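In the text below, chain A, chain B and the rest are named by the order of the sequence lines, each starting its count at 1. A quick note: this is a predicted structure, and the numbers were derived from the prediction, not measured.
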There are 2 protein chains.
Amino acid sequence: MHKEHTLTKNQQIIFDLIDKSPEPMKAYSILFNVQKKGIKAPLQVYRALDKLVEIGKIHKIESRNAFIACHNSSCQVSKATAFSICEICEKVTEISSASLSKYLANFKDKDGMKYSKYNLEFFGLCKKCR
Amino acid sequence: MHKEHTLTKNQQIIFDLIDKSPEPMKAYSILFNVQKKGIKAPLQVYRALDKLVEIGKIHKIESRNAFIACHNSSCQVSKATAFSICEICEKVTEISSASLSKYLANFKDKDGMKYSKYNLEFFGLCKKCR
DNA sequence: ATTTAGATTGTTATAATATAACACTATGTA
DNA sequence: TACATAGTGTTATATTATAACAATCTAAAT
Ligand SMILES: [Zn+2]
Ligand SMILES: [Zn+2]
Ligand SMILES: [Zn+2]
Ligand SMILES: [Zn+2]
């Protein structure tokens, strides 16, 4: 399984924080929140984030420069991600749709180019904000 | 038609530059290239970029913080965008697939949430780099 | 147990990306 | 004209992210 890496101290501290957060967290907000645990510099945060993204424990929401924990057990090591984003309250949810991921995994463009990875971000209004 | 806005001077200068570029351009690279035309500050660039994105003349490649001109006449004012990105040479192509856009435009998540906008970025290797 | 390669850490400095605030100017239209 | 809206020029600052380097930890191979 792809989620079974042993995390280092910094990685664990930062993952726990993101995992508990109900919303995506930005790097410098993470930094602020872990300073009491001895993580003092941006690089320490970014290095942990890079690794966590690489092993699929978190995802980066590109349009928001923010990070959320992966709660999608079928999500393949960050190689195929889809999110819904509310444009009012900024709530972000990871989409887990077999038909969507199947469709996208098999998508080929005109040149027959096949892709090893994709990221999809949907924007709209969530239930609350409608 | 959505592409028929009259551009202002700064918008036109910056659009022309991006439109001629074979690859996505970053904001500060744009700034550097238009300084001889009197655009001196980042904000002047970002304001033009914001407007050009809004009216659908250009798109932002979120994973690269870069901008490309839209060459897709059926692309609806930046509300539904898809790109292929080569992870080696960084070549970016706007994908224009009727079946893909139809599939995504009609996609509904489990809550029946319907989206007003999406952005999809595929990653892989282009023909040359394979 | 010792060696060694690779990953991770701590640190300082700096680069790259993006926005706030404010005064001013152009443009269309009532 | 006069009014509203959008765009401009400018300075300053905020936010996001990486470079460089020395030190330390970890796991596996001798
Ligand atoms: Zn996931
Ligand atoms: Zn909402
Ligand atoms: Zn387009
Ligand atoms: Zn390529």
Side-chain angles (χ1 to χ4, degrees), chain A residues 2 4-18 21 23-68 77-78 87 90 92 119 121, chain B residues 2 4-18 21 23-68 77-78 87 90 92 119 121:
Chain A
H2 68 280
E4 308 311 324
H5 291 259
T6 304
L7 301 183
T8 65
K9 181 166 137 282
N10 286 1
Q11 289 162 9
Q12 190 69 58
I13 289 169
I14 287 172
F15 174 73
D16 288 345
L17 179 66
I18 297 172
S21 171
E23 59 216 15
M25 293 197 76
K26 308 199 126 207
Y28 277 71
S29 157
I30 292 167
L31 175 59
F32 178 81
N33 277 277
V34 297
Q35 277 179 331
K36 50 184 165 299
K37 305 214 169 174
I39 296 176
K40 288 172 187 161
L43 244 199
Q44 294 173 288
V45 173
Y46 280 104
R47 286 196 283 226
L49 290 174
D50 285 352
K51 190 67 185 181
L52 290 168
V53 166
E54 184 192 327
I55 65 181
K57 299 274 293 180
I58 65 173
H59 302 302
K60 181 173 186 182
I61 310 300
E62 291 287 355
S63 66
R64 299 300 187 260
N65 297 318
F67 300 84
I68 65 171
V77 194
S78 303
E87 291 189 289
E90 293 291 328
V92 173
N119 179 55
E121 297 180 4
Chain B
H2 68 280
E4 308 310 325
H5 290 260
T6 303
L7 301 183
T8 65
K9 182 167 137 281
N10 286 1
Q11 289 162 10
Q12 189 69 57
I13 289 169
I14 287 171
F15 174 72
D16 287 344
L17 179 66
I18 297 172
S21 171
E23 60 216 13
M25 291 197 76
K26 309 199 126 206
Y28 277 71
S29 158
I30 292 168
L31 175 58
F32 178 80
N33 277 277
V34 297
Q35 276 178 331
K36 49 183 167 298
K37 305 215 168 173
I39 297 176
K40 289 172 188 162
L43 206 43
Q44 296 174 286
V45 173
Y46 279 104
R47 286 196 284 226
L49 290 173
D50 285 352
K51 189 67 184 183
L52 291 168
V53 166
E54 184 193 329
I55 65 180
K57 298 274 294 182
I58 65 172
H59 302 303
K60 180 172 185 181
I61 310 302
E62 292 287 356
S63 66
R64 299 300 188 259
N65 298 317
F67 300 85
I68 64 170
V77 193
S78 304
E87 292 190 289
E90 293 292 327
V92 173
N119 179 55
E121 297 180 4

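- The phosphate of C:dG10 has OP1 or OP2 within less than 4.0 Å of a side-chain N or O from A:Gln44.
- C:dA15 atom P lies 16 Å from atom CZ of B:Phe32, rounded to whole Å.
- The separation between B:Leu31 atom CG and C:dA18 atom P is 13 Å, rounded to whole Å.
- Distance A:Arg64 CZ to D:dT16 P: 12 Å, rounded to the nearest Å.
- Along DNA chain D, the nucleotide nearest to B:Pro42 and the one nearest to B:Gln11 differ in position, and the one closer to the 5' end is contacted by B:Gln11.
- The distance between atom CZ of A:Arg47 and atom P of D:dA23, rounded to the nearest whole Å, is 15 Å.
- Taking for each of B:Lys26 and A:Lys51 the nucleotide of DNA chain C with the nearest heavy atom, the 5'-most of the two is the partner of A:Lys51.
- Checking C:dT17, D:dA17, D:dT18 against every side-chain atom of A:Lys60, the shortest atom distance belongs to D:dA17.
- If you measure from atom CD1 of A:Ile30 to atom P of D:dT15, you get 15 Å, rounded to the nearest angstrom.
- At the phosphate of C:dA26, neither OP1 nor OP2 sits under 4.0 Å from any side-chain N or O atom of B:Thr8.
- For the pair A:Asn33 and A:Met25, the minimum side-chain heavy-atom distance is below 4.5 Å.
- Residue A:Asn65 places no side-chain N or O under 4.0 Å from the OP1 or OP2 atom of D:dT15.
- Look at B:Tyr28 and the base of C:dT17; the rings stack, centres closer than 5.5 Å and planes less than 30° apart.
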Run the side chain to side chain contact (heavy atoms under 4.5 Å, CB included) test on B:Ile30 and B:Leu49 for me, step by step, so that the C-alpha distance in whole Å, both residues' side-chain angles and the decisive distance to 0.1 Å come before the verdict.
CA-CA 10 Å; B:Ile30 292 168; B:Leu49 290 173; 3.9 Å; yes
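- Look at A:Tyr46 and the base of D:dT18; the rings do not stack under the cut-offs of 5.5 Å between centres and 30° between planes.
- Side chain of A:Asn10, nearest nucleotide from C:dG10, D:dA17, C:dA21: C:dG10.
- If you find the closest nucleotide of DNA chain D to A:Ser29 and to B:Leu43, the one lying nearer the 5' end belongs to B:Leu43.
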